[in-house]
Amino acid sequence: MLSRELPRDVALTLVDTGTRPVSPALTFDSDHHLHARANITELELIAQCDGNLSLGQSYWGWRGEGSDYFDAPSGKLPGINGIALHHLLLRAAHMRGEPEKLAELASSFRFPALAGLAGKLTHPSDDPQSPRSMLRTMINVDTEKYIDLLERKAREGRTIEYIAAKGPFRLERDADNRATAIIFPDGRKLPADIFIDMDGALDPRAKGTALTFDYILAAIDSGAGNSAFAEMHALDDAVMTAIPLRGKIARILAYDSARLSEDAARALLPQAADVHTQSAHFHSEPWRDNLVQAGSASGTLQSPAQGDIHLLHGQLCRLAELVPVSQDMHIEAREYNRLHGILYQQLADFHALAYLLNSREGESWQALRDTEKSKNLQIRLDQFQSRGRFVTFDGETHDEQRWIDMMIGFGIIPDRFDPMARAANMAQAGQALGRIVDAFKQTAAAMPTHAEYMTRLGALAQKEAPVDEFAI
Amino acid sequence: MAIDATHDIATIAIIGGGTAGWMTAAALAHKLSGTGAHITLVESAEIGTVGVGEATLPHIRFFNQTLGIDEPTLMVRTSATFKLGIEFVGWGKPDERYIHPFGDYGEAIGPAPFHHYWTRLRQSGHAAPLDDYSYPVRAAEANRFMLPDPDPSAIGSTFSYAFQFDASQYAAFLSEFAQSRGVERVEGKIVSAARDGENGYITSVTLENGTQITAELFVDCSGFRGLLIEQELEAGYDDWNHYLPCNRAVAVPCEARDPIGPYTRATARAAGWQWRIPLQHRIGNGMVYCDRYISDDKAAATLLDNLEGKPLADPKRLFFKTGKRRKLWDKNVVAIGLSGGFLEPLESTSIHLIQSGITALIELFPDAGFNAADVSEYNRVMNLEFERIRDFLVLHYVASQRDEPMWRDLRVMEWPKSLKEKVAAFRTRGIIPEYAHGLFLPASWLAVFAGQNILPENYDPRAGAITDEELVARAEMLRSKVADAVDRTGEHLDFIQQYGAAISPRAESIIA
């Protein structure tokens, strides 16, 4: 980001401490604007990072053994005559005397989830009338290869001094406590005007909050499995996430070390090497004086493959927008810290949702249900439970429908529906809804399979052709 | 089953007509159509309505669209003109003016927002006035108007619009709309209210003639008095007089002499400010002032001395206390309009605050159980709305360079911390924080900052990534695009005529 957007007279030095994310694969929106700004195309992510597109991800067993919920971003869905779809569906469920079947009823209207679960894939359509306009693609990438791609891109058209060094590092500070240089273990000094700490090497991290699933095992294998989307399998005292890349699968086992031994965990993922601990932490003031913390130095979330990378992407965009203009950078710091707080809160709330709303048996899962909620999340849940209303806050990171689908899919049945739904002509609405379901089925049936689409994208990626040349 | 735990609200009483009362009645009648809910509106011809808030914000269009109201018809019925923004005269230095447009400045040149490139141009002496890069500003100044271009790449798509209308006529129009959809209008003066002995909820109000009106939900649109929300429930009031000390207004309509431009004007005066709102058939005028700095008579004289045409009525005085109810929704009473709070109409927010209150009430429409979470959520949302508007209004005062005692005092008062931080962020680095729930978007803040001489000392370093020549060329191209688009835009009053929105016969003669 900085390499591409900063004026050429700004010198960049990268000190590689060797720290790498625990997760061997990362998942993020395939059209994240960070990549456009860093001149990285989706085809490059596919070709150079073993990138694999998907329409969402599956939560298997979170609502009890055998349950499955497909989480898919879908934008904000239009209502019918101004009434949100889920209110009409809730009324329909009540008319049938089966409000508990709301989630089942709603599932027919979740086009991205239907297409994703059917193993289909395509890019969103620009035509707002097409169901395909509801699709949002996510991409899974190999972490190591993603880092390599970022490094190559950073060096395009700019000389970046690269120093590989292990800590511990110290910071030299002036009389005003501003950092003036990094002091390496061998005594070398690296002076700079501003320091960006990505892994906490320059400033110790705050103590993390213990997570129920506090240990992680991770590995990549070439084994068989679903290649169309990531799956998060809820197990007793653990979650196994399988992230399909092109030609391989990354597996991450997060487990409750108080209830599952390392040996038992390793039996679930024998190919894993090191065991890592995980905790959630949040710095409320990651930018102080001329030291900026981002990534894991500023906060971590419960979901290492998705939450942390989302946090990092968001922070880097903000940091690029707030590169200071003078030695006095308290204004930029205050704004960065404010935005960081909003971003972290949004991500933490979304990623907490499935854990809080799980209905599995077992002490680990009960502990997750009992986790304290943030004030904002409590308001969202209360309002949705009370009346099916979705509350928005500053800096939303996930689309409204995704939240609504997730709350319904994880078992929240609003106590009431919109009074307008009561007045709606349900016979007419039923016909309109039936036509929507038919259109969804037909569109999904006409979509290419995940394998077909990725094969064609892979071929395009080899030619480095722009993705919009590819048409279905 | 939770849904059966309580029942839907079947009876609603709206206390007070006027703009707030009838907007609420129309919206609820539309929203609750077919549910069987009965809506009664009580108003008294003896109690006048305040009738301020003739200038609106673009959001009003969405309110009207939701009700299915035809725009030209509404304009004819309310003598409305179009509005592209607000002109502020004498708010920076006494001889300066600027327009706060309902639209953007510039367009994307690179990764940084446009105003950073403009700052760079300004610092190198190559910048045209910021207004040259805004279509709505230049169109408003030229008294021209067209609807926004549906092509998002066109410079003519970079704005929105609102109306300047006769608020009393708007209320009358909505009164017809609401009554045609089943709202029962009851004429009478309320003399007492009865409350439930157990939970303190209002159960009924009694009129002077003895008629009793019972309801489950009461919407208090009784104006400053707050007949139910304050006189009965004592919800309390957050007084913001220390931030916005103006506490009185005097209003008078006059004949139109100057051009009927598509913008409202707010002219700073020694101890307050004067509004000018051009309608098709007259000009709405008023002066907002602080009685610590000017007497009522002198304020009225200042207003009358500065009218462009003959007064059409006697001046009408208003007394107010800036602030808001501590609880805009308390028990089974929701306060909408002046009963909920008052912020001076400097940025045309009076009707918008009514609209916000209605929107939030509809979103959180209760059942007879009155869920505490819904009430608390309504108050949270509305508090945020009031506070963020308050900060924006205060900015106009504290950023002034005028030298009269009121203006000097306002500059040295304690600002809201949130505003202090916004000003510092812009001045130092051109940062304009964006909020999902802020009424005023970054372009609005930029208009007032730049218009009142708060200019960034530095620009985003990313704006330095293109060459001087390229930047100058891109900016010049943009300026030409704006100028060309304005040249192609027709006269405001001609457009009203073409749109089928001209009143007759009088307005036609004015237009002619």
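Heavy-atom basis, side chains included; hydrogens, waters and symmetry copies ignored. Sequence lines set the chain letters: A, B, ... in the order given, protein chains first and strands last, and positions in each chain run from 1.
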Whether over 12 other heavy atoms sit under 6.0 Å from [X] [atom1]:
| X | atom1 | result |
| --- | --- | --- |
| A/R8 | CZ | yes |
| A/D126 | CG | no |
| B/K31 | NZ | yes |

B/D8/A/R387 ion pair, N-O < 4.0 Å: no
Nearest 0.5 Å please: distance from the [atom1] atom of [X] over to the [atom2] atom of [Y].
| X | Y | atom1 | atom2 | answer |
| --- | --- | --- | --- | --- |
| B/I431 | A/E335 | CD1 | CD | 5.5 Å |
| B/R427 | A/I331 | CZ | CD1 | 10.5 Å |
| B/T428 | A/M329 | OG1 | CE | 13.0 Å |
| B/D367 | A/D415 | CG | CG | 9.0 Å |

Atom group of [X] that falls short of 4.5 Å from chain A, counting heavy atoms:
| X | value |
| --- | --- |
| B/A112 | neither |
| B/S33 | backbone |
| B/L364 | both |
| B/E457 | neither |

When heavy-atom pairs shorter than 4.5 Å are enumerated against chain B, which of [options] gives the highest number?
| options | answer |
| --- | --- |
| A/E396, A/Q383, A/H330 | A/Q383 |
| A/R37, A/E100, A/R338 | A/R338 |
| A/D382, A/V10, A/L322, A/L6 | A/L322 |

Contact summary for [X] and [Y], nearest pair of heavy atoms:
| X | Y | answer |
| --- | --- | --- |
| A/P324 | B/P461 | O-CG, 4.0 Å |
| A/E5 | B/A465 | O-CB, 4.1 Å |
| B/F365 | A/R416 | O-NH1, 3.7 Å |

Full working for side chain to side chain contact (heavy atoms under 4.5 Å, CB included) between A/R389 and B/D374: CA-CA 10 Å; A/R389 173 174 176 258; B/D374 293 347; over 6 Å; no
Under 3.5 Å donor-acceptor, B/R429 side chain and A/V323 backbone: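 Checked: pair present.
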Contact check, side chains of B/E363 and A/V391, non-hydrogen atoms, under 4.5 Å: no
A/E321 and B/R462: CA distance, side-chain angles, deciding distance, side chain to side chain contact (heavy atoms under 4.5 Å, CB included) verdict: CA-CA 8 Å; A/E321 286 153 16; B/R462 295 175 302 160; 3.2 Å; yes
Structural part of A/D328 lying under 4.5 Å from a heavy atom of chain B: neither
